Amino acid sequence: MCGIVGYIGTKQAQDVLVSGLKRLEYRGYDSAGVATLGPRGAATVLRTKGKVQELVDLVATHQKTDSVGIGHTRWATHGEPSKRNAHPHVAGSIHLVHNGIIENYQDLRITLQQHDYDFKSDTDTEVLAALIDYVSRDTSSLLEAVRSALGMVVGAYGIAVLDTKHPDEIVVARKGSPLILGVGNGEVFIASDASALLGYTKQVIYLQDGELAVCKASGVELYDMSNKILEPTVETLEMDLEAVQKKGYDHFLLKEIHEQPDTVRATLRGRIDAEAHTARLGGVNMTNDELRDVHHIMIVGCGTAYYAGVLAKYYIEQLLGDVVISVEIASELRYRSFTVPEGTLALIVSQSGETADTLACLTELKRRGVHCLGVVNAVGSSIAREVDGGVYVHVGAEVSVASTKAFTSQVVAMLLFGLTAADAKGVDPERRATLIDELDLLPGEIERVLKAHEAEVKKIAKRYAKYDNSLYVGRDTLFPVALEGSLKLKEISYVHAEGYAAGELKHGPIALIDDTFFEVFYLLDNWLYEKSQSNLIEMNARGAHAIVITDTARKVDAEVVVRVNSKLELLTPLLFNIVSQLLAYYIAIERGSDVDQPRNLAKSVTVE
Ligand code: M6R
């Protein structure tokens with residue numbers, strides 16, 4: 001979603017800003033802009049619709065040596081994607097970039113119009129810029145003006161503000177939208193995402209909700225909303241530059257699919273003892289007695305994180321027996337009137353750790369006294385900071401908008417939690433041992449599947465890329481794999497794709513089958529084989545163009561069969577999911593879509 005960068009120091013600000021914006025491109029955006037200030041406050045504002053490259057080209061013809069500035073990539077919320085709506089927005093002496101949404105902007109706009117403010121864009125951000133400018137008439141301090149304007153707004157924000165009257169500072173503030181300050185030698189960097197800081201500094205301050213900071217070349221002054229001075233905590237960024245490079249792959253998505261053997265190893269590292277058949281999680285912060293008292297696990301997430309939760313539910317409920325597991329879509333849960341029974345524990349699942357709906361559920365669950373554990377990738381993210389404990393999935397930066405390696409490791413991390421709880425409760429040692437053996441084998445198995453099936457899947461993709469519709473179907477643990485497989489295809493190739501439980505076919509979706517559809521059917525050679533096979537036969541009888549992904553050696557009736565020779569029993573669905581990730585990728589390539597930055601999507605959904 002929108003991205004913020006800022007710089008104050010001795011370097012040419014335009015260079016730092018556009019290189020930071022390039023790093024934020026993966027988040028999804030539709031326009032970009034920068035504003036810089038010269039020593040006497042002369043401002044240069046450059047904005048473009050479209051890719052950051054357009055802005056780079058514009059900057060090349062308007063080079064400035066200014067060493068203070070702010071920049072932004074915008075993902076449209078209020079008003080169409082256009083140059084006019086792109087940030088920075090300017091009102092009087094104020095230049096503003098903003099992530100988030102100002103909910104009462106329309107009332108504020110009417111009030112400000114009565115004070116002769118004339119608005120050129122449709123955005124809530126321009127209203128906030130005007131509000132800061134308006135209140136700055138009563139104070140000589142930019143910090144004071146920003147604080148008092150923010151006191152009047154309802155909504156979420158991460159902002160960076162330049163004032164031509166104060167060319168030697170940038171004021172930033174955060175409520176509900178992340179901001180990180182990078183501290184260098186005689187310079188300060190501002191970013192909404194750590195990746196923009198890579199290559200400049202690893203010393204960072206994570207701004208907390210309700211904090212403001214004055215950034216000067218000499219350093220950072222931190223305040224709360226009541227003007228109390230705070231002591232900043234400087235942390236060292238764990239991410240490195242390599243993590244945000246393609247390393248020879250055509251796309252980040254393909255690189256991230258291929259990273260999965262290593263990322264699963266990273267998720268498991270130090271957490272299972274394959275010989276003793278035990279799992280150990282450092283960050284859960286719960287005693288065995290507390291784990292024994294858990295009777296309900298509520299898994300909360302959005303999109304792929306939600307589907308990871310649905311798959312984890314199948315495994316954990318088998319392991320824990322008498323514990324009820326519910327999986328909730330965060331955007332729905334937050335507005336429902338739900339109850340949390342005694343003994344509820346929540347697993348808050350999010351790759352970015354910044355998803356607005358998931359964060360809102362976390363806040364509500366904590367308010368109700370529920371113990372919340374994070375299953376998060378981004379270290380230092382808002383969710384990671386707010387939870388009572390948790391399991392980092394450790395997959396490194398996931399740059400492609402479509403989530404792949406995070407899904408696999410989210411499931412693995414939730415299994416590790418399930419195993420830890422099962423251990424504390426002393427239940428089902430046999431199943432625990434099988435799962436731990438399989439987790440231990442999983443990275444090698446993923447590696448083998450990638451080697452064995454990539455060329456085959458590429459050919460299949462060529463054959464099926466012409467279809468505009470698809471159904472993904474599976475039973476039991478393969479149902480969430482079908483949901484995730486269909487999401488992956490639709491988001492990167494724009495092919496209409498629906499995921500269904502195989503048993504649901506005759507309740508409606510089988511009516512869809514015709515020559516405009518292909519079907520991906522997941523089939524495990526297990527106790528449900530016969531049932532699933534009948535569903536496949538029913539589909540075939542209606543003229544399905546079925547691609548079956550299976551581990552069976554039996555004869556399968558389908559247009560195409562991908563036979564995954566798995567050493568696993570319980571975790572084979574995760575291998576089938578790798579095959580569907582490859583299928584989605586190669587179909588998207590065949591159809592010529594922008595695989596890493598699909599249209600209309602953002603990597604981290606920080607607004608509702
Ligand atoms: O960062 P999060 O895991 O909270 O993100 C949740 C979803 O927005 C995300 O999984 C989304 O569905 C992806 N585009 C799926 O590939």
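On a predicted model such as this, the values are computed, not experimentally measured, just so you know.
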Neighbour count above 12 (heavy atom, 6.0 Å) for Lys366 NZ: yes
Note, Arg334 side chain near Thr363 side chain (heavy atom, < 4.5 Å): no
Lys/Arg N to Asp/Glu carboxylate O, Arg174 vs Asp209, below 4.0 Å: yes
Criterion side chain to side chain contact (heavy atoms under 4.5 Å, CB included) against Val412, the qualifying member of Val264, Val391, Ile272: Val264
Neighbour count >12 (heavy atoms, 6.0 Å) for atom NZ, Lys64: no
Residue pair Asp596 / Tyr26, side-chain heavy-atom distance below 4.5 Å: no
Exceeds 12 heavy-atom contacts within 6.0 angstrom, atom NZ of Lys49: no
Heavy-atom check, side chain of Leu415 versus side chain of Leu571, under 4.5 Å: yes
Gln245 CD: over 12 foreign heavy atoms closer than 6.0 Å: yes
Inter- and intrachain pairs under side chain to side chain donor-acceptor pair (under 3.5 Å), touching residues 389-399, at least two apart: Glu398-Ser403, Glu398-Lys603
Sub-4.5 Å side-chain heavy-atom contact between Gln581 and Glu256: no
Side-chain heavy atoms of Val34 within contact of Leu21, under 4.5 Å: yes
Test item: Val161 and Leu96 side chains (from C-beta on) under 4.5 Å apart, heavy atoms: yes
